[in-house]
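So the structure is just underneath, and the comments pick up after that.
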Amino acid sequence: PGVLTPEVLSSTELPDAKAHNITVDFETNLMFVTHSGPNNDGELNRNVAIVDISDETELVRTVETGSNPLGILLVENH
């Protein structure tokens, strides 16, 4: 088989350093990026960035969680 070469199709600036884990909901075309570890100010990150990936990537909003979110296991739509 051939070798797959990664290609950046689109990108967007995220508000926090250290993007840690990525979860994608293909039904809603949203990508959730957890930010864990210390941020630029040395404090533990508390945010999850929600990014629209339906066309060009665009930051929808940032949600504050408990301290140091490590990852997202499941995205459930209601």
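Just the heavy atoms: all of them, side chains too, but no hydrogens, waters or symmetry mates, feed the values below. For reference, positions follow the sequence shown, starting with 1.
Taking the side chain to side chain donor-acceptor pair (under 3.5 Å) definition, one finds that Thr65 meets it with nothing, sequence neighbours left out. Considering only residues two or more places apart in sequence or on other chains, Asp25 meets the side chain to side chain donor-acceptor pair (under 3.5 Å) condition with Thr28, Asn77. Among residues two or more places apart in sequence or in another chain, the side-chain contact (heavy atoms from CB on, under 4.5 Å) test is passed with Ile50 by Leu30, Phe32, Val60, Arg61, Val63.
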- Query: Going through the checks in order, is the side-chain contact (heavy atoms from CB on, under 4.5 Å) test met by Asp52 and Thr57?
  - Reply: CA-CA 6 Å; Asp52 184 342; Thr57 56; over 6 Å; no
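Looking only at distances, no side-chain donor or acceptor of Ser54 sits under 3.5 Å from a matching main-chain atom of Asn29.
The CG atom of Leu59 sits 9.5 Å away from atom CE of Met31, with the distance rounded to the nearest 0.5 Å.
The minimum heavy-atom distance linking Asn47 with Glu64 is given by the pair OD1-CA, 3.6 Å.
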